[in-house]
Amino acid sequence: MTGQNAPSRHERGRDERRVTVVPNGPVLVEGPVELVTEDGVTHTSGRFVVAVCACRRSKRYPFCDTSHRKRVRSDDSPSAQDDSR
């Protein structure tokens, strides 16, 4: 928020949360958090930092289980087979 009527950091107090977007990874949210998914189900976590899945590969969705780290290696790509250079 900006402007004269915006609450100060002190006034926002405990409701303020830091959210960090990790490139090619999860979204880290200072907890505790309550997440509502698109199907209306509410998920809660009391952890001090919660990793929210951004790739939708997690078996624990909406929470991250590091599935984003698993990469499929493609040796069939043309650049991988071209040894003429």
Side-chain angles (χ1 to χ4, degrees):
M1 274 188 187
T2 59
Q4 290 180 334
N5 296 329
S8 69
R9 182 179 174 104
H10 177 72
E11 290 170 328
R12 286 184 299 225
R14 295 168 34 128
D15 292 334
E16 186 175 308
R17 298 282 186 250
R18 178 180 302 265
V19 176
T20 305
V21 178
V22 178
N24 299 315
V27 176
L28 302 176
V29 182
E30 287 184 353
V33 298
E34 183 176 276
L35 299 166
V36 180
T37 53
E38 63 273 2
D39 57 3
V41 176
T42 300
H43 304 268
T44 59
S45 176
R47 302 183 97 186
F48 67 95
V49 175
V50 179
V52 179
C53 178
C55 71
R56 298 189 64 90
R57 292 183 215 154
S58 175
K59 292 178 181 163
R60 297 185 56 234
Y61 186 82
F63 301 108
C64 179
D65 67 358
T66 69
S67 291
H68 61 275
R69 293 181 186 171
K70 299 174 186 166
R71 293 186 178 168
V72 177
R73 185 174 174 156
S74 176
D75 290 334
D76 298 331
S77 67
S79 62
Q81 293 179 354
D82 186 8
D83 293 329
S84 62
R85 291 184 233 179

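Throughout, residue positions are numbered sequentially from 1 according to the sequence presented.
Taking OG1 from Thr20 and CD from Glu30, the interatomic distance works out to 7.5 Å, rounded to the nearest 0.5 Å.
In terms of hydrophobic clustering, with Ile, Leu, Val, Met, Phe, Trp and Tyr side chains grouped at heavy-atom distances under 4.5 Å, Val22 and Val52 are assigned to different clusters. No continuous path of hydrophobic side-chain contacts links Val33 to Phe48 [ILVMFWY only; heavy atoms under 4.5 Å]. Put simply, Val19 and Val50 are part of the same group of oily side chains (I, L, V, M, F, W, Y) that touch within less than 4.5 Å, one to the next. Tracing side-chain contacts under 4.5 Å through hydrophobic residues (I, L, V, M, F, W, Y), one reaches Val27 starting from Leu35; they form part of the same cluster.
Applying the salt bridge (charged side-chain N to carboxylate O under 4.0 Å, His left out) test to every pair with at least one member in residues 31-44, sequence neighbours left out, gives these pairs: Glu38-Arg56.
Between Ala54 and Gly25, the shortest heavy-atom distance links the atoms CB-O, 3.6 Å. Annotation for Phe63 and Thr44: closest pair CZ-O, 4.0 Å, computed over non-hydrogen atoms. Contact detail for Lys59 and Ser67: the closest heavy-atom pair is N-OG, 4.5 Å.
Using a 4.5 Å heavy-atom threshold, the side chains of Cys64 and Arg57 count as separate.
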